[in-house]
Peer 1: 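To start, I am sharing the structure in question, which I have written as structure tokens.
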2 protein chains.
Amino acid sequence: MEAVIEKPVIKQDRNLCITHILPIRDALDILSGKWKIPIIVALCVHKRRFKELHRDVQGITAKMLSKELKELEMNKLVKRTVHDTSPVTVEYSITEYGHSLTPVINELRDWGMKHRDKIIYHPEEV
Amino acid sequence: MEAVIEKPVIKQDRNLCITHILPIRDALDILSGKWKIPIIVALCVHKRRFKELHRDVQGITAKMLSKELKELEMNKLVKRTVHDTSPVTVEYSITEYGHSLTPVINELRDWGMKHRDKIIYHPEEV
DNA sequence: GATACTGGTTTACGTTTGTATACTAGTATA
DNA sequence: TATACTAGTATACAAACGTAAACCAGTATC
């Protein structure tokens, strides 16, 4: 971002651009989609059972929740614990690695709040 | 996140959870998907013409680039300028509002870099 | 005249995402 | 016995997302 050059040095810019994008693609591969970040946020507030989570993450279907939780578990962001009660209860919680996303989520929430204010108070500009 | 309560107060947690998620959903409505953030990052490095951008954002098709640029322009994150040259050249640049995403993008890139290191040096843990 | 550049659009297609409904089994309640 | 809770899975389907390839006009180059 700091490399503002008067004459466009296309090839240098392109390499800079690609190296800037790569780690973001790595992050997005894991986080992108409609539901993963909302699920992580819900679990940051409190560990949850499947049906509780289903109610917290409004609008998601059981099928999608199940699928997204599997992917998050595979990437070690979420932990699945089965309790030998009857009927069986399954508890999902955020891992330490999952907590490392806190700064990303906080920035996203800050921006989302500012954006919502902008839409509400200056809709003509957006 | 700071509200850790010993006995789970489910309903309070649920409300906390939902208010935490809402602004994130607002942000994701605009940013989610595979390409929007990579396009914004590319334009943060330097304003670009369509074909240049097409080369910078590796893997995207012209159709998707066209569609994503329209949406970003609608949300005032990107500006489209037509220059009366021959043949016509079209330049895309980031707006001031688009620049307000810089903290989000930086956190995402930091996390992506750490995640890539983790995968490369400790693949068994992920 | 043929080719390639410009910024896209069109067509046809496959994949992913998402929805609604029904269903499983084991336990508790009415 | 009937119902409802638990945590999901199975099925069928629609919509969104994404891809490859061809195509447009207007200009410049070979």
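All values below come from the heavy atoms of this structure, side chains included, with hydrogens, waters and symmetry mates left out. Predicted model only: the values in this text are computed from it and were never measured. Throughout, a chain's letter reflects where its sequence line sits, starting with A, and its residues are numbered from 1.
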Peer 1: CD of A/Glu52 versus C1' of D/dG8: gap in Å, rounded?
Peer 2: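 Taking CD of A/Glu52 and C1' of D/dG8, I get 15 Å after rounding.
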Peer 1: Ignoring the backbone of B/Thr61, work out which of C/dT19, D/dA20, C/dT9 is nearest its side chain.
Peer 2: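 Closest nucleotide to the B/Thr61 side chain: D/dA20.
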Peer 1: Is there a side-chain contact between A/Trp35 and the phosphate of C/dG18, meaning an N or O under 4.0 Å from OP1 or OP2?
Peer 2: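 For A/Trp35, the contact criterion (side-chain N or O under 4.0 Å from OP1 or OP2 of C/dG18) is met.
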Peer 1: For the pair B/Glu71 and B/Lys36, find out whether any cationic side-chain nitrogen is under 4.0 Å from an anionic carboxylate oxygen.
Peer 2: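 Yes, charged N to carboxylate O under 4.0 Å.
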Peer 1: Please check the phosphate of C/dG7 (OP1 and OP2 only) for any side-chain N or O of B/Lys63 closer than 4.0 Å.
Peer 2: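 Checking B/Lys63 against C/dG7: no side-chain N or O falls below 4.0 Å of OP1 or OP2.
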Peer 1: Given atom NZ of A/Lys47 and atom P of D/dA7, what is their separation to the nearest angstrom?
Peer 2: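 Value for this atom pair: 15 Å.
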Peer 1: Which nucleotide wins on minimum distance to the side chain of A/Phe50, given the candidates D/dG8, C/dA20, C/dG8?
Peer 2: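 Looking only at side-chain atoms, A/Phe50 lies closest to D/dG8.
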Peer 1: So which nucleotide from D/dG18, C/dG7, C/dT9 ends up closest to the side chain of B/Val90?
Peer 2: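 The closest nucleotide is C/dG7.
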Peer 1: Please report the distance separating the P of C/dA22 from the corresponding atom of D/dT3, rounded so that it comes out in whole Å.
Peer 2: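 Pairwise P distance, C/dA22 against D/dT3, rounds to 15 Å.
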Peer 1: Between the side chains of B/Arg48 and B/Glu91, is the shortest nitrogen-to-carboxylate-oxygen separation below 4.0 Å, so that they form an ion pair?
Peer 2: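 Salt bridge between B/Glu91 and B/Arg48, a charged N being under 4.0 Å from a carboxylate O: no.
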Peer 1: In whole angstrom, what separates A/Lys34's NZ from D/dA15's P?
Peer 2: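 Spelled out: NZ on A/Lys34 to P on D/dA15 is 15 Å.
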Peer 1: Measure the distance from CG on B/Asp29 to P on C/dT17 and round it to the nearest whole Å.
Peer 2: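 Interatomic distance, CG of B/Asp29 to P of C/dT17: 17 Å.
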Peer 1: Quick check for you: among D/dT19, D/dA7, C/dG8, whose closest atom lies nearest to any side-chain atom of A/Arg80?
Peer 2: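 Per side-chain heavy atoms of A/Arg80, the pick is D/dA7.
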Peer 1: Same hydrophobic cluster for A/Val104 and A/Met113, using side-chain heavy-atom links shorter than 4.5 Å among ILVMFWY?
Peer 2: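 Per the 4.5 Å side-chain linkage, A/Val104 and A/Met113 are not co-clustered.
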Peer 1: Say you draw a straight line from OG1 of A/Thr61 to CH2 of A/Trp35; how long is it, rounded to the nearest 0.5 Å?
Peer 2: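 Here the interatomic distance stands at 7.5 Å.
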Peer 1: Round to a whole Å and report the spacing from CD of A/Glu73 to P of D/dG8.
Peer 2: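 Atom CD in A/Glu73 sits about 10 Å away from atom P in D/dG8.
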Peer 1: Are B/Tyr97 and A/Lys118 close enough that some pair of their side-chain heavy atoms sits under 4.5 Å apart?
Peer 2: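 Yes, at least one pair of side-chain atoms sits under 4.5 Å.
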Peer 1: Need to verify one output field. Residue with the more 5' nearest nucleotide on DNA chain D, B/Ala62 or B/Glu68?
Peer 2: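 The residue closer to the strand's 5' end, by nearest nucleotide, is B/Glu68.
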Peer 1: Rounding to an integer number of Å, can you tell me how far B/Glu91 CD sits from C/dT6 C1'?
Peer 2: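 Checked: the CD to C1' distance equals 14 Å.
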Peer 1: Judged by atom type as modelled, is there a donor-acceptor pair below 3.5 Å linking the side chain of A/Ser32 to the main-chain atoms of A/Asp29?
Peer 2: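 No.
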Peer 1: Any ion pair linking A/Glu52 and A/Arg49 (charged N to carboxylate O, less than 4.0 Å)?
Peer 2: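 Salt bridge between A/Arg49 and A/Glu52, a charged N being under 4.0 Å from a carboxylate O: yes.
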Peer 1: Just the rounded figure in Å: distance from C1' of D/dA10 to CG of A/Leu65.
Peer 2: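 Those two atoms, CG and C1', are 17 Å apart.
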Peer 1: Which nucleotide wins on minimum distance to the side chain of A/Lys67, given the candidates C/dT9, C/dT6, C/dT17?
Peer 2: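 Of the candidates, C/dT17 comes closest.
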Peer 1: Find the bend of the helix from C/dG7-D/dC24 to C/dT24-D/dA7 as the angle between its two terminal axes (five pairs each), to the nearest 10°.
Peer 2: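 Inter-axis angle at the ends, rounded: 40°.
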Peer 1: Can you measure A/Ile60 atom CD1 to C/dG18 atom P for me and round it to whole angstrom units?
Peer 2: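 About 8 Å, once rounded to whole Å.
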Peer 1: Quick one: does A/Leu22's side chain get under 4.5 Å of A/Thr19's, heavy atoms only?
Peer 2: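 Side-chain contact under 4.5 Å: no.
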Peer 1: Side-chain N or O of A/Ser66 less than 4.0 angstrom from OP1 or OP2 on D/dT9?
Peer 2: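 Yes.
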Peer 1: What's the closest nucleotide to the A/Lys51 side chain, out of C/dG18, D/dA7, D/dT9?
Peer 2: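 Of all the options, the side chain of A/Lys51 is nearest to D/dA7.
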